[in-house]
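One structure is given below, encoded as C-alpha cells.
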Amino acid sequence: MSENLIGYIDDQGNIIDTQSAGENCTATPIEYDNSEASLEIIRHSTAHLMAQAITELYPNSQFFVGPVVDEGFYYDFRVDEKIGEEDLKTIEKKMKELIKKKYKIEKYEMSKAEALEKFANDDLKQKVMSRITDDVLSVYKQGEFEDLCRGPHVPALRFLHNFKLTRVAGAYLGGDENAEMLTRIYGIAFADKEALNAHMLMLEEAKKRDHRKIGSEMELFMFNEEAGAGLPFWLPKGARLRNKLESILHKAHRMRGYEPVRGPEILKSQMWHTSGHFACYGENMYLTEIDGQEYGLKPMNCIGHIQIFKNAGKSYRDLPLRYYEYGTVHRHEKSGVLHGLLRVREFAQDDAHIFCTPDQIKSVILEVVEFVDSVMKLFNFNYTMEVATKPEKAIGDDAVWELATQGIKDALIENNLPFDIDEGGGAFYGPKIDVKITDALGRKWQCGTVQVDFNLPERFEAEYVGEDNERHNPVMIHRAILGSFERFIAILTEHYAGEFPFFLAPVQVIFVPIADTHVEYANKLKAELLYKDIDADVYDKNDSLNKRVRNAEKQRVPYVVIIGDEEVANKTVAIRDRRAKEQYNLTQDEFMVKLTQQLQEGKI
RNA sequence: GCCCAGAUAGCUCAGUGGCAGAGCACUUCCUUGGUAAGGAAGAGGUCGGCGGUUCUAUUCCGCUUCUGGGCUCCA
C-alpha cells in the first residue's frame, strides 16, 4: 500500500476511504494530492480536526454538520462562548498541536438505535440523525474525539498540514431562519503549501478588485449613513460611466425596435392588489399614504408599461410591441443582505416589456436571447442560461404555466441553446430564463432575465384586436439584460478591476500639460473630444509632472496625454497608453481618428 | 431580520478614563518640471448618534444608525 494512499474512487464517483475499503479494494486509488477527490477527503478530515480542537478549547461545544463545500469546508456548532476572528488563530494552533500527536483516524459502525442511544444527550446529533434514513451509522475516532460521520477521511492526522481557517459566522440550524443560530467556522485545506498560498493569493486578488474599494478609489459612488442603508449616490465619475452604459443600451434598444417609455415611481395600492404584487411581494414593498389613499413605491416596472399599452386601442398589427425603461425601483431587502452596489434597496433596471401574440413567443424569446448575447460579448462575459419554473407563491392556472414554460424550452432547444432547469425558481407571474455570467475570476452572477407572463395582461384587461376582429389578451415578456445598472456596474468593476474598456471609462483621456504655456492647447483638444462624446480632463494642478502622471495612472485612465513645447509646436500628442502599456506620439488628427474608432467598439 | 466584528480628520489607519495623532488628500507660497510621489508653511475633529456609570467618557455600559464577514450546499 502506497504511503500516499488516502482512499479510492469507484466508477460512480463514490469516494471510499481506507477505513471502509478493506484489504482488496479494486476501485481506483486516490493519492494524496490536489485532485478533486483527494481534496474532498482532506478537507473533510480537516473539518473534523477543527472540531476536535474546538472540543478541547471549548469543552461544552456541541457539533451539528461539517461538510465540504465549494470554497473549502465548515463546521456548524453550538458553544457558550463568543468566538471571534481572533480565536481562529488559537484554534489553528490547537489543530497543529493535535497533528503532532499522530492520531490515526479510525472508523466503527453501529445501528441507528445504538447511535441514538450513544448520543442521547446531544440534541444536535439527534437532529442530524433524524435526517438520516440509513440503518447502520458510522463513527470516526481520532484520539479521544469521536464524531458521527459518513466519511470519507484520510487514514491519519499526518496528512493534514496545509489549512487555514478563514472566517467565523453565524448560520441558522439547517438554513432555517426561524431556527436557532449556530456558530460556523469556514476553512480551506490543500495537499501542499503552494496550492494553499495560491488560493490565498487569489482571495487577495478578489479583495483588490472589490467594487466597493475601487468604487471609492475611482470616486464612482458612495453611501451615506444619514440617507439610509442600501441607497447609493452616484459621484461624477460613476455617473459618467453609467451614462455611457445607458447611451450604448439606448441605441441598442432603438435598433431592435424598442420604444422608450416611463411610468410613475409611485402608484395607488389598488394597482398592486390587482397585479398580485401585494400578495406575492408585499413584504418587500414601501408603502405610504397620500390624502387618505394608500400608495406603493414600485418594486417593478411592469404595471406602468401595461397602463401605457392600454392607453390606446391596439391591433395585432402593432405586435410585438416593445417598451423599455431604465426603471428605478425600490425593494425592501433585509438589512443584513445589503452589499455595496450588488444588493441595494433602490436601483434602476434596464427593463423592457414586449407585448406579443402567443405564436410570437418563440421568436420574441430568441430575439431577446440574441440581444443578451450581444451585450455579454461586448464585455467578454461567458454566460449560461437557466430555465426557472413555477414557484410556491404564484398566480395563474397550472395549464397556463405549463404552456409558457414549454414555450421557453422549445425556443431554446430548437436553436441548440443549452440551459439548466431551476425547479420552482420562477417569478410569481410566470416562468423565466435567468442569465448567469462568469467574470474574470470565474465567479458567477445572475443578471439578465426573460420572463413569459400570461397572467398580468389578463388581470389588467390589456387587450388587442386580433385578425379575427375579436379582443385578446397579449402575452407579456418581461426582460432585463444587465439586470440593474447598480449590480452590473459592480460586476463590471470587479471583472475589469477598474480598467474599464475605453468606451466606458469615466475619464477616457487626461491631458497633462508640462507647463502653464501648454494648458491652452490641452483645453482646445479637450473641447474637441467632449464634442465627440469622449470624456477628457485637463490635469493642470501645480504638481510635478511625475506626480500628475502617477495620479492619472492610479485613476486607471486609458490615455494619459503629455503636452509640452514639442506637441504644441507640431500639433501632436505624446500618449501613454495604459491599456496597451506603451508610449507613442501621434498627430492631433491621428489621435482624434483613433479615439473615434475606438468609441465604435462600444456599439452593439 | 438573526449571529459575530467594527465606526477616530475628506481617505487609510494609530492611540487614550484626564491637551486628539500620522501618512495621503486639501489651502497658500516657492518650484515650470518630458512620463508613477519636488520643497515649505497652514487649515482641518462634538472620536457615528442618544442615554447611563464617573470628579472626569472618544475610552467603560446600554440603546440606536451605518459598515463589514456570514446565514442552500445535510453525519
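In what follows, chains are A, B, ... by sequence order, proteins preceding strands, each numbered from 1. Side chains are part of it too, since the values below use all heavy atoms of this structure and drop only hydrogens, waters and symmetry mates.
Taking the six-membered ring where the residue is Trp, the centroids of A:His44 and A:Phe73 are separated by 6.0 Å or more. Not less than 6.0 angstrom separates the ring centroid of A:Tyr281 from the ring centroid of A:Phe428.
Residues A:Gln598 and A:Tyr559 have side chains that bring a donor and an acceptor to within less than 3.5 angstrom of each other. Between the side chains of A:Lys571 and A:Thr587, no donor-acceptor pair of N or O atoms lies under 3.5 Å.
Side chains of A:Phe63 and A:Asp76 form no contact here, defined as non-hydrogen atoms less than 4.5 Å apart.
A:Phe500 pairs by the ring pair (Phe, Tyr, Trp, His ring centres under 6.0 Å) definition with nothing, not counting sequence neighbours. Listed by chain and number, the residues in a side chain to side chain contact (heavy atoms under 4.5 Å, CB included) with A:Lys524 are A:Tyr521, A:Glu528, A:Gln588 (sequence neighbours excluded). In this view, A:Lys164 satisfies the salt bridge (charged side-chain N to carboxylate O under 4.0 Å, His left out) rule with no residue, not counting sequence neighbours.
Ion pair A:Glu180/A:Arg78 flagged as a salt bridge, since at least one NZ, NE, NH1 or NH2 atom sits closer than 4.0 Å to an Asp/Glu carboxylate oxygen. A salt bridge between A:Lys112 and A:Asp135 is absent, with no side-chain N of the basic residue lying under 4.0 Å from a carboxylate O of the acidic one.
Near-neighbour residues of RNA chain B inside residues 508-522 of chain A, defined by a heavy atom below 4.0 Å, number-ordered: A:Ile514, A:Ala515, A:Asp516. Listed by residue number, A:Arg550, A:Glu553, A:Ile562, A:Gly564, A:Asp565, A:Glu566, A:Glu567, A:Ala574, A:Arg576, A:Arg578 are the residues of residues 550-579 of chain A with a heavy-atom contact under 4.0 Å to RNA chain B. Using a 4.0 Å cut-off on heavy atoms, none of the residues of residues 486-495 of chain A approach RNA chain B. Listed by residue number, the members of residues 120-132 of chain A with any heavy atom below 4.0 angstrom from RNA chain B are A:Val128, A:Arg131, A:Ile132.
Residue pairs meeting the salt bridge (Lys or Arg N to Asp or Glu O under 4.0 Å) criterion with at least one member in residues 45-72 of chain A, sequence neighbours excluded: A:Glu56-A:Lys94. Residue pairs meeting the side-chain hydrogen bond (donor to acceptor under 3.5 Å, both in side chains) criterion with at least one partner in residues 213-230 of chain A, sequence neighbours excluded, are A:Lys213-A:Glu217, A:Glu217-A:Arg556.
Base orientation at B:C19 is syn, since its O4'-C1' glycosidic dihedral falls within 90° of 0.
For the pair A:Tyr186 OH and B:C71 C1', the computed distance is 7 Å after rounding to whole Å. Atom P of nucleotide B:G69 and atom NZ of A:Lys164 are separated by 18 Å, given to the nearest angstrom. Distance CZ (A:Phe223) to P (B:U65): 18 Å, rounded to an integer number of Å. A straight line from OH of A:Tyr584 to C1' of B:G34 spans 18 Å, rounded to a whole angstrom. Atom-to-atom, CG of A:Asp543 to C1' of B:C26 comes out at 11 Å; the value is rounded to the nearest Å.
More than 12 heavy atoms of other residues, nucleotides or ligands lie within 6.0 Å of CD in A:Glu582, so this atom counts as buried by the packing criterion.
Closest-nucleotide positions on RNA chain B for A:Arg548 and A:Lys334 were compared, and the one nearer the 5' end corresponds to A:Lys334.
Taking 4.0 angstrom as the limit, A:Lys541 places none of its side-chain polar atoms (N or O) nearer than this to OP1 or OP2 of B:G33. Side-chain nitrogen and oxygen atoms of A:Arg212 include at least one within less than 4.0 Å of the OP1 or OP2 phosphate oxygen of B:G69. Remark: A:Tyr74 is in phosphate contact with B:C73, judged by side-chain N or O atoms under 4.0 Å from OP1 or OP2.
For the C1' atoms, the distance linking B:C13 with B:G70 amounts to 25 Å, nearest Å.
Seen from the ring of A:Phe221, A:Arg212 does not count as a face-on cation partner, given the 6.0 Å and 45° thresholds.
Where pairing requires Watson-Crick or G-U contacts shorter than 3.5 Å, the helical stems of RNA chain B with at least three consecutive pairs are B:1-7 with B:65-71, B:10-13 with B:21-24, B:26-30 with B:38-42, B:48-52 with B:60-64.
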What string of B, S and - do you get for nucleotides 2-14 of chain B 5' to 3' if you count protein non-hydrogen atoms under 4.0 Å?
-> BBS----------

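Side-chain proximity of A:Arg184 to B:G69, B:C73, B:G38: nearest is B:C73. Distance from the side chain of A:Pro67 is smallest for B:C74 among the nucleotides B:C74, B:G69, B:G34.
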Pick out the pairs of N or O atoms, protein on one side and nucleotides 28-31 of chain B on the other, that lie under 3.5 Å.
residue, atom, partner, partner atom, Å
B:C30, N4, A:Asn542, ND2, 3.3
B:U31, N3, A:Asn542, OD1, 3.3
B:U31, O4, A:Asn542, OD1, 3.2
B:U31, O4, A:Asn542, ND2, 2.3

